[in-house]
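First comes the structure, then the notes that go with it.
Reminder, nothing fancy here: chain letters follow the sequence lines and each chain counts from 1.
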Protein chains: 2
Amino acid sequence: MISQKAQYAFRALLALARLDDDEVSMISDIASSQNIPKKFLEQILLDLKRHGIVQSRRGKMGGYLLLKGANEITFGEVLRIIDGPIAPLPCLSKMAYRKCDGCDDEEACEIRKVFAKVTDATRKILDNTTIADAIADPEKADIPLIA
Amino acid sequence: MISQKAQYAFRALLALARLDDDEVSMISDIASSQNIPKKFLEQILLDLKRHGIVQSRRGKMGGYLLLKGANEITFGEVLRIIDGPIAPLPCLSKMAYRKCDGCDDEEACEIRKVFAKVTDATRKILDNTTIADAIADPEKADIPLIA
DNA sequence: ACTAACACTACTAAATAGATAGAGATTAAG
DNA sequence: CTTAATCTCTATCTATTTAGTAGTGTTAGT
């Protein structure tokens, strides 16, 4: 399961992606429209800001907006920021590789082989689906990415 | 990430699958050969037993062995027993469906659509890979399951 | 200056993960 | 039939993570 926090992050980003150009959205507006606890959302957006996904304007008339284009923000990228590694085993993670406890021979590990397939399949989807794709026409989203 | 417990379960099952017919393996042997805390493994095997995956013999000369054939035990099945639902969102789980908090229209949810693909891909792999497959010749394991 | 907005840090409660402890039940062997 | 080996079961424990709350600080528009 992905965390509640990650779900909130996706909801917020989808909301921001639907804004018109140069329009901003306040934390409290996103919080109420997306059913997210305001103070929690604050932290999430701040985190996304630090990672270069969104930007903010302070003071009156301030708010949040995307920094990158919606078509440049992948689900994988966001999930890694909020929830950490996508790989189901530490030994399969690119961003946080670690040998599994008590595993001597990684190359021979049968468990690793099976979950390597899962990881590949998951990455192919999440790293090739952007916020823009998700908002776009559902029919289009089903067209294979690799022609 | 799958839990440490699930990793232990897989290691134990792979070890049991490598036994000769009618041979049994003691918890302590599996624990020491697979680097698993013994008392923890006890609980895991008991759980697998209750779910009809392994069987046990008590008393002297006792131990554990598989109940089902290694070619009938899928990774998905084991993972569901130990870690619970495979789906990354509650609204995508078959075994433990639940509406996501604050989600009104499930059919329209863009997040759900993206993660539905992840879930399908993951299930295809985990529900079609058995303990026997994992132990078998690695070349064979790469042959697509659906011809 | 006032006020509306984001920024930051710290704290907390509940759940989960990863065990550990110890008494009980069963069985083989002497 | 007693002993020792082995699985069975329930309870407990600690650390970490999750999900959130609180409060103070900073910035910007009017």
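- Taking 4.0 Å as the cutoff to heavy atoms of chain B, we find the contact window on DNA chain C bounded by C:dG18 to C:dA28.
- Formation of a donor-acceptor pair under 3.5 Å by the B:Q55 side chain with backbone atoms of B:L66 is found in this model.
- As a whole-Å value, the separation of B:L46 CG from D:dT6 C1' is 13 Å.
- Between A:E106 and A:R112, at least one side-chain nitrogen of the basic residue sits less than 4.0 Å from a carboxylate oxygen of the acidic one, meeting the salt-bridge criterion.
- Results of the side chain to side chain contact (heavy atoms under 4.5 Å, CB included) test with A:F115 over B:I125, B:T129, B:L79 single out B:L79 as the only residue that passes.
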Subject >> Nucleotide-resolved protein contact map, nucleotides 14-19 of chain D, B/S/- at heavy-atom distance under 4.0 Å >> reply: -----S
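- With salt bridges taken as basic N to acidic carboxylate O contacts below 4.0 Å, none links B:E110 and B:K113.
- Formation of a donor-acceptor pair under 3.5 Å by the B:S93 side chain with backbone atoms of B:P90 is not found in this model.
- Between A:L13 and A:V78 there is a side-chain heavy-atom pair separated by less than 4.5 Å.
- Toward the 5′ end of DNA chain D lies the nearest nucleotide of B:Y64, the other residue of the pair B:D101 and B:Y64 mapping further downstream.
- Within 4.0 Å (heavy atoms only), A:I27 reaches sugar-phosphate atoms of the nucleic acid but no base atom.
- No donor-acceptor distance shorter than 3.5 angstrom exists from the side chain of B:Q43 to the backbone of B:F40, with no hydrogens or angles considered.
- If you take CD1 of A:I44 and C1' of D:dT21, they are 14 Å apart, rounded to a whole angstrom.
- In this structure, a donor-acceptor pair under 3.5 Å is absent between the side chains of B:T130 and B:N71.
- Taking a cutoff of 4.0 Å between a charged side-chain nitrogen and a carboxylate oxygen, B:D127 and B:R80 qualify as a salt bridge.
- The nearest whole Å value for the distance from the CG atom in A:L41 to the P atom in D:dG20 is 11 Å.
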**OP:** Give the B/S/- string for nucleotides 22-30 of chain D, one per nucleotide from 5' to 3', where a protein heavy atom under 4.0 Å of the base yields B, of only the sugar-phosphate yields S, and otherwise -.
**Re:** BB--BBSS-
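- By the 4.5 Å heavy-atom criterion applied to side chains, B:F10 and B:I2 are counted as neighbours.
- Following rounding to the nearest Å, B:K38 (NZ) and D:dT6 (P) show an atom-to-atom distance of 9 Å.
- Proximity of a side-chain donor or acceptor of A:R11 to a complementary backbone N or O of A:Q34 within less than 3.5 Å is detected.
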